[in-house]
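What follows is one structure encoded as structure tokens, with my remarks underneath.
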Amino acid sequence: MSDTAVVIENLTKVFNRGVGHKLFTAVKDVSFSVKAGEVYGLIGPNGSGKSTTMKVLLGLLAPTHGKTSIFGMDSQLVESRRAVGFLPENPYFYKHLTGMETVLFFGKLCGMSGKKLHDQAKELLKLTGMEGAADRRLGGYSKGMLQRIGLAQALVHEPQLLVLDEPTAGVDPAGSRRIRDLILDCKARGITVLVTSHLLEQLQEVCDRIGIMSQGQMVSEGPIEDLISVENQTEFVLENATPELLQQIRDLVASKPGSGTLLSMGHPHTTLERMFLKVTEEDERLEATRTKT
Amino acid sequence: MSSSYKSFSPSRIWALTMSTVTQLLRMRILVFLLVISVVVVGASFAFPTFNAAQQLKMLKDVCFGLEQLFAYVIAMVATALLLPKDVEDRTLYTILAKPVPRLDYLLGKLFGVLIVIGGGLVLLDIMLSGVLWIKQGYVLEDTLAGLHMQLGGTPPPEAIAAATADVEKQGLTWALHVGVLAIFLKASVLVSLTLLISCIATSTLFSVITSFCFFIMGHGETLFREYFFKGGTAWWQYLAAAVLAIFCPDLSLFDVVDAVTEGRAVLLTDALHMTGIGLLYTGGYMVVAYLLFVEKEL
Ligand SMILES: Nc1ncnc2c1ncn2[C@@H]1O[C@H](COP(=O)(O)OP(=O)(O)O)[C@@H](O)[C@H]1O
Ligand SMILES: [Mg+2]
């Protein structure tokens, strides 16, 4: 097994949008690779070509130029899909199937069967926190639940690579937090993860490396600290600071011109998310009991 | 790795087939079948003023008409809905992102539709056979009673035998089942053709209409050939006829239904010949459908 999970080499994808339309280049000469065991984030605004790149990687689209491979095996080979689990953008599975049946169906497609498949499905539903809703039809699932069942089906054949397209889009903060925890879980089990998002902050705590795409091109790539840290700035967060202390700090900084400038002071932006998570924690537990009925 | 990849796996095709069957059953196909069944039973009480043979023939005509309607509508309309539905639901992405060859996916669709059509036809065939059998008994009794009245005494054995043979010829025969087989074969050609079309079509409506055009052309093909070639035997006429036959299936090859409802016998060799042609067309269209689907951008 090669130690590079994903290789994308000079990938270009041109769409022919039908007669009377110009050819459209959705992805232009993009190259990057993902090492086995790391979490790689692909970030960029809507329409920047992230999903197109994923689809070529999974053999759903043929590249116009360039090559993609998974663990050294060309993406165009059906067999390369054995090592990868995919969660597409806005997944909708068969609405008439229950959560359990969905995972079983995709397991069967991967050549699994019998007790082994059942046990695996149960375990994945537990891992993704979907046990309570396992016997309900997908038609009644919320967006976050669909993403989690999508994650369970992606993991059913124990792939070494997980490809997630916008797993947190349209999901509330608690659900999104959960999905990020699941990504870290997978990483801990040694699974390589390639994840896309149009929101940087959603990925920054889970990714080892990120690539930023814009208009079909890779504009920046590297380890996350290199890309987001601002070298000449320092941030510190205080708890229960009195107004007097804050005033003293301000005075201190003002009294030492040349050794630093105070740019801003205020409540950290993340407090709102933390507050949301705290108050909804209770709801989550209620939801779990509610879905069991 | 827990799963080892096989390029051919009957269990994978079966999983896809069953998911297609479920999808189709959710299109309320059972209701359609139920309505047809009610009409079949109703038809067995109708036409009381006709003579014995006519009554049986009418019953067969109505039932075979409905069986064909059932089989061909599903073969063209339901099949045309399958692929676009999976694209819209994005289940196609999730399925093909698994180690599933695209051929398996197409075969799952084909077999799923065929199981539903075949199952429906078997049910209707069993029902028609039962209804016909019972009706045949009543009609024979009536005819003999009529003879008795007419002659004012017991009719001679030759007259009874003749009347019985007449009714039996219009009653339940093996040829009826061959007629159902012919419907199934024609439907299977239509399913593969519709799958092929929906691999390139951009809308469901387009698939249905195109498929329906082929259906019409397929029935007129013999006429067309006779008109243009006038039975000529020049090599180019053979070639043109062959090209035409490949491009558009000659559906009149499966038209034994009229013969069957008229009570004529169908030879076993004819049935085998028809099955061979049906399989050939279905196989051929599936190969083309696969070649188109494998190149399809999703
Ligand atoms: N099948 C297609 N045919 C034509 N254009 C497409 C197709 N798929 C995507 N595109 C176009 O390619 C561009 C990139 O799309 P996408 O890869 O989905 O972006 P992202 O996932 O980054 O939001 C978009 O402008 C989109 O309209
Ligand atoms: Mg996208």
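Chain letters run A, B, ... following the sequence lines, proteins first, then strands; residues in each count from 1. As the structure is a prediction and not an experimental result, all values here were calculated from the model.
Using a 4.5 Å cut-off between heavy atoms, B:Ser9 does not touch chain A at all. Using a 4.5 Å cut-off between heavy atoms, A:Phe93 contacts chain B through both its backbone and its side chain. Both the backbone and the side chain of B:Arg90 have a heavy atom closer than 4.5 Å to some heavy atom of chain A. Neither the backbone nor the side chain of A:Gln120 has a heavy atom closer than 4.5 Å to any heavy atom of chain B.
Distance check: A:Asn90 CG to B:Asp89 CG gives 12.5 Å after rounding to the nearest 0.5 Å. Atom NZ of A:Lys55 is separated from atom CG of B:Leu96 by 12.0 Å, given to the nearest 0.5 angstrom. Summarising the geometry, atom CG belonging to B:Leu25 is positioned 9.5 Å from atom NE2 belonging to A:His96; distances are rounded to the nearest 0.5 Å. Between the CG atom of A:Leu109 and the CD1 atom of B:Ile95 there is a distance of 6.0 Å, given to the nearest 0.5 Å. The structure places CH2 of B:Trp14 at 15.0 Å from OG of A:Ser113, a figure rounded to the nearest 0.5 Å.
Residue B:Phe212 qualifies as open at atom CZ: its count of foreign heavy atoms under 6.0 Å is 12 or below. Around the CD atom of A:Gln215, the shell of radius 6.0 Å holds no more than 12 heavy atoms that belong to other residues, nucleotides or ligands. Dense packing is recorded around NZ of A:Lys143, with more than 12 heavy atoms of other residues, nucleotides or ligands lying under 6.0 Å away. Dense packing is recorded around CD of B:Gln68, with more than 12 heavy atoms of other residues, nucleotides or ligands lying under 6.0 Å away. Counting non-hydrogen atoms of other residues, nucleotides and ligands closer than 6.0 Å to CZ of B:Phe206 gives a total of 12 or fewer.
A 4.5 Å side-chain heavy-atom check between A:Phe105 and B:Met18 finds every atom pair outside the cut-off. Within the 4.5 Å cutoff, the side chain of B:Glu297 has heavy atoms near those of the A:Lys13 side chain. Counting heavy atoms from C-beta on, the side chains of A:Val156 and B:Lys98 come closer than 4.5 Å. The shortest distance between side-chain heavy atoms of B:Pro99 and A:Cys110 falls below 4.5 Å.
Taking every heavy atom of both residues into account, A:Phe86 and B:Thr94 meet most closely at O-CG2, 4.3 Å.
Put simply, of B:Lys85, B:Arg26, B:Arg12, the one with the most heavy-atom pairs under 4.5 Å next to chain A is B:Arg26. Ranked by heavy-atom pairs under 4.5 Å with chain A, the first of B:Lys296, B:Glu295, B:Arg102, B:Glu88 is B:Arg102.
By a heavy-atom distance cut of under 4.5 Å, B:Lys109 are the residues of residues 109-116 of chain B near chain A, going up by number.
There is a side-chain donor-acceptor pair under 3.5 Å between B:Asp86 and A:Tyr94.
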